[in-house]
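Report on the following structure.
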Amino acid sequence: MPRSTGFKQSAADATDHQAVLVARLTSALLRYPADASLAALVDEMRTRSRLFDTLWRTPRPVAAYESSAVLVHPDGRSVTLVGSLLAIPGDDLAALMLTAAPGSADAARLAEIVDGEPAIIKVGRSGPG
């Protein structure tokens with residue numbers, strides 16, 4: 001049976017990533033204070049997750065975000081990628097750019113995975129909202 005693709009981060013990078021996501025949610029709630037669904041989501045997350053509640057109560061300012069992670073391909077081999085979150089201040093748009101160091105073994109492995117062509121993979125839905 002084929003294995004699925006996995007994504008592994010260090011505990012520190014995972015915590016930083018979670019802090020970024022909570023900061024973005026905080027920003028959204030401040031921009032849309034009358035959004036009852038958003039407020040309900042925050043309330044539910046604070047109730048269900050001690051980590052979320054801690055990050056919510058003690059936010060960290062986030063100007064930029066970069067971390068590394070290991071992508072494990074279904075063939076069992078892996079590639080280490082560096083991710084940078086690119087966000088437009090005051091907007092809901094953001095993109096996570098994953099790259100490998102140019103000329104590295106990870107860059108060669110990434111090229112194999114995407115059939116030698118640079119790739120842009122869009123995640124999520126297109127259009128407004």
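Numbers here simply count residues along the sequence, with the first being 1.
Within the model, atoms CG of Leu110 and OG1 of Thr99 stand 9.0 Å from one another, a figure rounded to the nearest 0.5 Å. Of the inter-residue distances, the one linking Glu44 atom CD with Ser49 atom OG reads 11.0 Å to the nearest 0.5 angstrom.
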Let me see the working for Asp106 and Leu81 under side-chain contact (heavy atoms from CB on, under 4.5 Å), right down to the final yes or no. CA-CA 8 Å; Asp106 288 316; Leu81 301 173; 5.8 Å; no
Please assess Arg50 against Thr54 for the test side chain to side chain donor-acceptor pair (under 3.5 Å), listing each intermediate value before the final yes or no. CA-CA 6 Å; Arg50 180 173 288 158; Thr54 299; over 6 Å; no
For a side-chain contact (heavy atoms from CB on, under 4.5 Å) check, start with the C-alpha distance between Leu29 and Trp56, then their side-chain angles and the critical distance, and finish with the verdict. CA-CA 12 Å; Leu29 191 60; Trp56 186 264; 3.7 Å; yes
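Between the side chain of Ser27 and the backbone N or O of Ala23 there is no donor-acceptor pair closer than 3.5 Å. Between the side chain of Ser104 and the main chain of Ala101, a donor-acceptor pair closer than 3.5 Å is present.
Linking ILVMFWY residues whenever their side-chain heavy atoms come closer than 4.5 Å, directly or via other members, places Leu38 and Met45 in the same cluster. Under the 4.5 Å side-chain heavy-atom criterion for ILVMFWY residues, no single connected hydrophobic cluster contains both Leu21 and Tyr32. In the hydrophobic clustering of ILVMFWY residues, with side-chain heavy atoms under 4.5 Å counting as a link, Val20 and Val82 come out apart. A continuous path of Ile, Leu, Val, Met, Phe, Trp and Tyr side chains, each step under 4.5 Å between heavy atoms, connects Leu41 with Leu55, placing both in one hydrophobic cluster.
Using a 4.5 Å heavy-atom cutoff, the side chains of Phe52 and Leu25 are in contact.
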